[in-house]
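Accompanying notes for the structure given below.
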Amino acid sequence: MLKKPVYHCSQCKKILPELEELLFVEEGSQRGFCSESCIEKYFAPLIDHYEQQEKKIRKKLGINDEPCMKYVGQQSYMESTLARPGQIWRLENELKEEIFCFIGEFKEKETQYQNTFYLLIICSVFDHRPSFIFAVTATKDTRILKEYQIGEPVTDPKSFVKSPNPEELALPSDIHPEALSLLEMKKSQVLAAQLEKRSMADIPFEQFNLYDSFFETTLMDPDEIYRIKDQDGDVLLTYIKAHNQGDTSFYYYVLMLKLDSRYYQGSDKTGDKEVLLPVLSFPSVDAQMAELYRQGDLLTGVTKN
Ligand SMILES: [Zn+2]
């Protein structure tokens, strides 16, 4: 038994037999964790550090509260900044540990003066995606913005970030462009319904990318598939699979849209094949979320391929 290598959680030191059970949040780092909660515990002092730094900066400039801080944590702004940042700054210490600041620039519609605000997210990056968020703030003050432009700017920030959704990689090339707008519409509908049902105790969306590797296994080997017709008459398939990662048991969901055959561009190529496009995929630890998605007809005897 001694000859079998083992791994351990950097926080609780629990021994793990397989590398796959470790979660990593920093590129090129050997710090692995057994669970989300160990990641949070490990980095808690750094979260405090960044909070203190922000307080100092704001105190120095005499800008303690800004109305635009209400956008901090709002999903659409957060996602937009993490997936399509306007700027990324990267600061490295002498141990080659790096920290990033993702900056999103937005306009407030209602405001007459100085309506541009910046969302500033300090995070680590793993596999070209933001992985752990240390601090978030928002400001209209360019002096605060400058304080967050840490280290060196990353050139071409939008292509630096890998697509946040694994489903985007799976798009067939021969579908009609209109299908993409349909897909976008379904995505926002489904996401809105999901957000309404989400529990605060569930896995935070900024950690969804840590679960990307479960997309494929859920789709290829689901425990359950449900087929439902939505209010527009479109057919959605929900793939559900229970997984374990470290101490956590969770469900992974993949929602697929069954595309109407009029959306195929080269129908000769697709033939009678069913075209399914991924609408949404996410992990959840919430049993009530499972009830929400266990709707429609349970498909049994589905060919798994
Ligand atoms: Zn641990």
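In listed order, ligands and their atoms are each counted from 1.
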Original post:
What about Y71 and F106, are their ring centers closer than 6.0 Å?
Top reply: no
**OP:** State yes or no: are the ring centers of F282 and Y293 separated by less than 6.0 Å?
**Re:** yes
Subject >> Residues forming a side-chain hydrogen bond (donor to acceptor under 3.5 Å, both in side chains) with D141, sequence neighbours excluded >> reply: R143
Original post:
Can Y211 and E36 be counted as having a side-chain donor-acceptor contact under 3.5 angstrom?
Top reply: yes
Original post:
If we ignore angles and hydrogens, is there a donor and acceptor under 3.5 Å between the side chains of E26 and S124?
Top reply: no
**OP:** Have a look around the Zn ion (ligand 1) and list protein N/O/S atoms under 2.8 Å, or say none.
**Re:** C9 SG, C12 SG, C34 SG, C38 SG
Original post:
Does R198 make a cation-pi contact with F208 (under 6.0 Å, within 45 degrees of the axis)?
Top reply: no
